[in-house]
Amino acid sequence: MARVVFPGHLLAVTGGEREVVVAAGNVRDLLTALEQRFPGAREALSRSAMAIDGQIYQDAFLEPLQADSEVFFMQRIEGG
Amino acid sequence: MAEAVDFKVIGTSPVRPDGVDKVTGRAQYGADLNLPNMIYGRVLRSPHAHARIKRVDTSKARAIPGVYAVVSGADFPQAQHGEIGGEGGGDISDLAKNIMARDKVLYHGHAVAAVAARSQQVAEQALAAIEVEYEVLKPVLDVLEAMQPEAPLLDDKLFTKNLPEKPEKPSNIAAVMQLARGNVDQGFEQADVIVEGEYRIPMAHQGYIEPHACIANTNEAGQSTVWCCTQGHFEFRAMTAKVLNMNVADLKFIASEIGGGFGGKTVVYLEPVAVLLSRKARRPVKMMMSREEVFRATGPTSGTVCRVKVGAKKDGTLTAAKAWLAYEAGAYAGAPMGPGAMSIFAPYALENFKVEAFDVLVNKPKVAAYRAPGAPQSMHAMECALDELARKLNMDPLDLRMKNAADEGTQAPYGPKFPVIGLKACLNAAKAHPNYTKALPEGAGRGVAVGFWFNVGMQSSAEVHINENGTVTVVEGNPDIGGSRASMCLMAAETLGVPYEQVRALIGDTESTGFSNVTGGSRTTFATGMAVVRACEDIIAQCRARAAATWGVDDDQVLWEDGQAIPAPGVNADVKPLTLADIAANAAKTGGPLLGRASLNAQGAGASFSVNIADVQVDRDTGKVDVLSFTAIQDAGRAIHKAYVEGQMQGGAAQGIGWALNEEYIFNADGVMENAGFLDYRMPVASDLPMIDTHIVEVPNPSHPYGVRGVGETPIVAPLAAMANAVRDAIGIRINDLPLSPPRVLAVLDA
Amino acid sequence: MSKIQVTTSVNGEEVEFLCEAQQTLLDVLRETLGRTGTKEGCATGDCGACSVLVDDRLICACLMLAVEAGGHEITTIEGIATDEGLHPIQQKFLEHAALQCGICTPGLIVATKSLLDRHPNPDETTIRYWLAGNLCRCTGYDKIVRAVQDVARDLAHPA
């Protein structure tokens, strides 16, 4: 079960829910589960960066999730 | 990950492979190529900061002999909404309109039309013959004014994003962002000491010495080849394709050598225009920006207004922090307020904080990335506030930071727990550094500040070819801005176990190597390095197989050590080791040419923290600030090429110092930049700076084969507050706003 | 408008070209004579990327008209190395990593030659003020100054 936290700018697609717990073995399945819970959210979520157990990923999809993973959605980071 | 003691070449500073061409003038930069039958393109730019375009008439220009093509917004495909993608993000429609205005011009210098003619002179005549009718509108040039409901609107279809309810009225505020944890009000109540301040930082330019330049060549099948200076030719190809509604396969982008970027050359300006002109003219079109055009019409970084409030207990423990950050986006949405908001409190363990950030349109050029975009502005405010806090607490400023320093396991303000990081190591190094305790001349002042940048990974590809004589050619797709070819060669040499001199690096164009994201984002040594290492590991696996075949043993009975294939211990084979050269010489018989490859989306980029120490002297008669000493301490994870890591630290420091002391966009009431040249946009020259002392801390990043953390961007962050804090120390008065230029300092001294 | 014929010497070689009255020496070097080693950074004499030597004077080529070149000896970056190899200034710039993007490097090398021709033993302040006309955005000047100091040391005490 992953603990998933949403930043302010994604609350619009999660109906205001800031934190949820989801069963998923990897990011792909997590996105599917979140889409089921919050229809229409997939696009915005797929475009986000995310931090999984402390590591920041810009295009996470296949990354595995542990039973107690912490996932934070974040704004993508642009460098210069 | 390899241990440091084992390295043969990593950590040394050999001469870069492209060096001889760069010291002899042979290296070809964006404006150095000429093609047969070439003509020249020039851009017509808006004389108004804000206006509706009523009519564009190019007929007279077309009629001039020697003019081969004229384009304006009408010649571009309809600007479609959609993600630009790539490293920068943003909306294609905004990018397209920025490249060539459609119905409105939104800043002085905004491109309105372009011509291609047989000479620069004829091109200028043609520009003068284009008639544009404008309905001039009132510009808004101040970020706070632009946020007011009654401000002139740049886009009356823009509604602020991320508000809990969609607003009824359009606004110049493109988006807001909030980060929060705990309860700030309670946190401030627990504080013994509170510091509050408003800090203004001006719009500033990356200041690369090479103006943008390109040549586009289009054939009758609609296929275009573009030569340009760029930080990322693959991303430029993608952007050009999206703006012109083209198939990427019909676009070939070749990266020239690049004369500086710092983020400013991660977006296209001339390239789609040149492609369109060359398509119409059916001749190669060369376009070069003047220095004035670079200032007026490329992307500087946001000017900002940052309000910060910090509270701490008597012993220095921070109890709460609050920030309100308004960032200028310029003409279209996309100010780096997100990273600014995420980084401001990143170095500190905080239970209670709140950050509000705003992406605000103003009638100034659309901002682009500039080295750690967003972080220098927000972190300047926090680091100045902490300095004041340290004074109120009578505490050493480094000790105050150490007391609250984030470490492995600390929850970052943007959510996740930090993996292993080097902030404390940098703080300790600063405290122990002789420059922190050396005597200060009479009247001089010393300031410190912390810097941070996330760094990114993203996509890179690499191929490694073993030539017939065992030499190695590395092919990758990252323009070499600061010595990255050398780093790739070092990593390849280390991985393969061969001398550095045996390795060459080539930057492939978009048709000859795999996709790579930009050289920027502090990602090149990290991500492209990772791809190069993996491609070398691919080669090693192939070499082991070739050796096994040669000896008649199994692959897993062969080891690779020190650049040679040897039988594994215990394997019964009376054979001599085979070097890369031996295997290459025999490659035809054992399976063909040796080609290794790798492509990846590199994850696990490690954040890089820094600490800067600045000593200054202020001339009380002129307000001039002299930099007596500057020390840059930064966690590089692992320095692959030591001298080039130092170079990043020193170069970023110089830019930060320039921004702190002198650099600013000065606009008049009509929105015209008054200092659009190097004389009055005053960047540091050699006589402005002392030697910049560096100290590289190495807390390896476990996610990279050699422990690399990106280093390119963090260096510009801390100098702003380090300088402000040093000036405060020197004159006893806090000046919140930058730049600390002589007239401003003098005004404060004389007050 | 008819062009003007100019005869001059570039890097020791006699050169003849046609130019317009308003063209700068920089324009002609880069476009007519194909010597693109000298760079344009600003075209207003503020950055030094177009530094050349005219006889023994350090000049911004963007501030000199091409027609003025007649009868003079122009030295550009292409004329710094010799048949024996790189000039010590070029070699030391490489060894000290005194270049990152390299766009300012030709101008800096020409300016350094001019400095050392006049002041074979410059102190740090002299170096910094002499080179103040050459903008570098990448290096912060530290390694450039160290490279120049190293060349001066070698010239003073040849190994």
Side-chain angles (χ1 to χ4, degrees), chain B residues 13 15-16 18-29 31-34 121 206-211 257-262 288 290-292 480-483 630 641 643-644 646-655 657 677-679 683-694, chain C residues 20 22 27 30-31 34-49 76-78 80-81 86-87 89-91 93-109 124-125 127-146:
Chain B
S13 300
V15 170
R16 60 198 284 178
D18 52 327
V20 172
D21 284 352
K22 288 186 171 162
V23 296
T24 55
R26 277 193 179 77
Q28 290 204 294
Y29 292 80
D32 293 338
L33 184 69
N34 293 305
Q121 240 186 324
Q206 300 84 350
Y208 34 82
I209 307 297
E210 178 202 31
E257 297 304 317
I258 172 175
F262 314 110
M288 300 174 286
S290 68
R291 177 52 51 185
E292 239 196 271
D480 184 350
I481 312 185
F630 199 91
H641 190 299
Y644 284 119
E646 290 167 351
Q648 290 300 311
M649 292 163 68
Q650 292 167 331
Q655 286 181 313
I657 291 169
F678 282 139
L679 184 63
M683 304 186 333
V685 302
S687 52
D688 290 327
L689 298 171
M691 294 296 187
I692 300 172
D693 295 329
T694 59
Chain C
E20 313 250 349
Q22 78 276 11
D27 293 335
R30 289 180 55 79
E31 289 162 35
R35 256 76 153 193
T36 57
T38 307
K39 308 297 179 195
E40 177 179 310
C42 69
T44 53
D46 297 312
C47 75
T76 70
I77 182 66
E78 288 92 346
I80 301 292
L86 293 178
H87 191 285
I89 298 172
Q90 292 168 311
Q91 189 59 40
F93 264 59
L94 288 176
E95 285 169 20
H96 283 267
L99 58 142
Q100 288 179 33
C101 80
I103 194 81
C104 72
T105 306
L108 263 159
I109 289 175
E124 187 184 334
T125 304
I127 295 173
R128 287 184 178 277
Y129 275 85
W130 188 274
L131 298 180
N134 291 80
L135 285 182
C136 172
R137 195 56 161 167
C138 294
T139 67
Y141 306 101
D142 183 294
K143 294 182 189 297
I144 292 173
V145 173
R146 290 183 200 274

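As a basis for the values below, the full set of heavy atoms in this structure was taken, side chains included, without hydrogen atoms, waters or symmetry mates. Reminder, nothing fancy here: chain letters follow the sequence lines and each chain counts from 1.
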Taking every non-hydrogen atom, the tightest pair across B/Tyr29 and C/Gly102: OH-C, 3.1 Å
Within-4.5 Å side-chain heavy-atom neighbours: B/Lys22 and C/Leu94: no
Top contributor to chain C contacts, counting heavy-atom pairs under 4.5 Å, from B/Met649, B/Gln650, B/His641, B/Met691: B/Met691
Rounded to the nearest 0.5 Å, how far apart are CD of B/Gln121 and CD of C/Glu20? 5.0 Å
Quick one: does C/Gln90's side chain have a donor or acceptor within less than 3.5 Å of a partner on B/Val23's backbone? yes
Find the distance between NE2 (C/His87) and OG1 (B/Thr24) and round it off to the nearest 0.5 Å. 14.0 Å
Note: vs chain B, highest number of non-hydrogen pairs under 4.5 angstrom among C/Val145, C/Asp46, C/Thr125, C/Ile109 is C/Asp46
Closest-packed option against chain B by number of heavy-atom pairs under 4.5 Å, given C/Leu131, C/Asn134, C/Ile77: C/Ile77
Tell me which of these, B/Gly25, B/Pro690, B/Ala686, has more heavy-atom pairs under 4.5 Å with chain C than the rest. B/Ala686
Sort out for me which of B/Ala654, B/Ser13, B/Gly647 touches chain C most, counting heavy-atom pairs under 4.5 Å. B/Gly647
Calculate, to the nearest 0.5 Å, the distance between atoms OG1 and CD1 belonging to C/Thr105 and B/Ile209 respectively. 10.5 Å
Part of B/Ala27 within contact of chain C (heavy atom distance under 4.5 Å): backbone
Largest heavy-atom contact set with chain C, pairs under 4.5 Å, which of B/Gln655, B/Glu210, B/Glu646: B/Gln655
Go through the atoms of C/Ala43 and report whether side chain, backbone, both or neither lie under 4.5 Å from a heavy atom of chain B. neither
Dump the intermediate steps for side-chain contact (heavy atoms from CB on, under 4.5 Å) on B/Asp32 and C/Arg30, then the final yes or no. CA-CA 8 Å; B/Asp32 293 338; C/Arg30 289 180 55 79; 2.8 Å; yes
I'd like to know if the side chain of C/Arg128 and the backbone of B/Leu689 have a donor-acceptor N/O pair within less than 3.5 Å. yes
Where is the tightest heavy-atom contact between C/Cys47 and B/Phe678, given as atom of each residue plus distance? CB-CD1, 3.8 Å
Contact between B/Val685 and C/Leu135 at the side-chain level, heavy atoms closer than 4.5 Å - yes or no? yes
Region of C/Thr44 that comes under 4.5 Å of a non-hydrogen atom in chain B: neither
Counting only heavy atoms closer than 4.5 Å, note whether B/Gln648 contacts chain C via side chain, backbone, both or neither. both
Which atoms of C/Glu124 approach chain B - backbone, side chain, both or neither, heavy atom under 4.5 Å: side chain
Below 4.5 Å, heavy atoms only, C-beta onward: do B/Arg16 and C/Leu99 meet side chain to side chain? yes
Minimum heavy-atom distance between C/Arg137 and B/Pro684, given as atom pair plus value: NH1-CD, 3.8 Å
One option among C/Ala132, C/Gly37, C/Gly48, C/Pro106 has the most heavy-atom pairs under 4.5 Å with chain B, and it is C/Ala132
With sequence neighbours left out, what residues match C/Cys138 under side chain to side chain contact (heavy atoms under 4.5 Å, CB included)? B/Phe262, C/Gln100, C/Cys101, C/Cys136
Is any side-chain heavy atom of B/Met288 closer than 4.5 Å to a side-chain heavy atom of C/Glu40? no
